[in-house]
Amino acid sequence: MLFMVEMEVNIPDSADPAVVQKKLADEKARAQELQKSGVWRHLWRVAGQYANVSVFDVESPVALHDIMLSLPLFPYMKTKVTALCRHPSSIHDDDR
Ligand SMILES: O=C(O)CC1=CCC(=O)O1
């Protein structure tokens with residue numbers, strides 16, 4: 001199942017810089033691991049915002065939920081999830 005996930009990151013000024021640096025490094029490692037596994041299909045920066053638009057390919061909504069809550073930056077994120085399905089005019093065989 002494909003889902004578009006919009007993530008907006010807001011790190012409070014009061015956050016400990018060392019903790020934030022660790023979370024940023026852990027987030028990058030986790031995001032790259034999930035991209036290599038094929039689960040995190042697309043990761044795009046939204047120009048001009050500390051936000052991204054992503055496409056996840058997961059077994060179920062609960063699998064997506066578990067992945068999102070496991071992200072180190074999740075506590076600092078506002079998220080929006082949209083279910084996707086194949087467009088009849090798509091030429092990409094891997095859309096589903
Ligand atoms: O910077 C972001 O948009 C948050 C984020 C998601 C994956 C990652 O590496 O950073």
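Start at 1 and go down the list; that is how both ligands and their atoms are numbered.
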Compare every heavy atom of [Y] with every heavy atom of [X], then report the nearest pair and how far apart it is.
X	Y	result
Phe74	Met68	CD1-O, 3.2 Å
His92	Arg86	O-NH1, 2.7 Å
Leu73	Glu27	N-OE1, 2.8 Å

Protein heavy atom at shortest distance from atom 8 (C) of ligand 1: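 The closest one turns out to be Glu27 CG, 3.5 Å.
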side-chain hydrogen bond (donor to acceptor under 3.5 Å, both in side chains): pairs with one or both residues in residues 1-20, sequence neighbours excluded: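 Qualifying pairs, neighbours excluded: Glu8-Asn10.
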Atoms in ligand 1 with a heavy atom of Asn52 nearer than 4.0 Å: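 It comes down to these atoms of ligand 1: 2 (C), 3 (O), 4 (C), 5 (C), 6 (C).
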Residue Ala31 vicinity, atoms of ligand 1 by number, heavy atom under 4.0 Å: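 In order of numbering, the contacting atoms are 7 (C), 9 (O).
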Residue that, paired with Met7, satisfies side-chain contact (heavy atoms from CB on, under 4.5 Å) out of Leu43, Val81, Val53, Leu71: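 Filter result, single survivor: Leu71.
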Contact (N/O only, under 3.5 Å) between Tyr50 and ligand 1: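 For ligand 1, there is no N or O atom that lies under 3.5 Å from one belonging to Tyr50.
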Pair Asp26 + Arg30, salt bridge at N-O below 4.0 Å: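 A salt bridge is absent here (no side-chain N lies under 4.0 Å from a carboxylate O).
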Mode of Val9 contact toward ligand 1 - side chain, backbone, both, neither (heavy atoms, under 4.0 Å):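 The side chain, only.
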Part of Trp40 with heavy atoms under 4.0 Å of ligand 1, whether side chain, backbone, both or neither: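 Under 4.0 Å from ligand 1, Trp40 contributes side-chain atoms alone.
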Selection from Arg45, Lys28, Gln49 by shortest heavy-atom distance to atom 2 (C) of ligand 1: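 Considering heavy atoms of Arg45, Lys28, Gln49, the nearest to atom 2 (C) of ligand 1 sits in Arg45.
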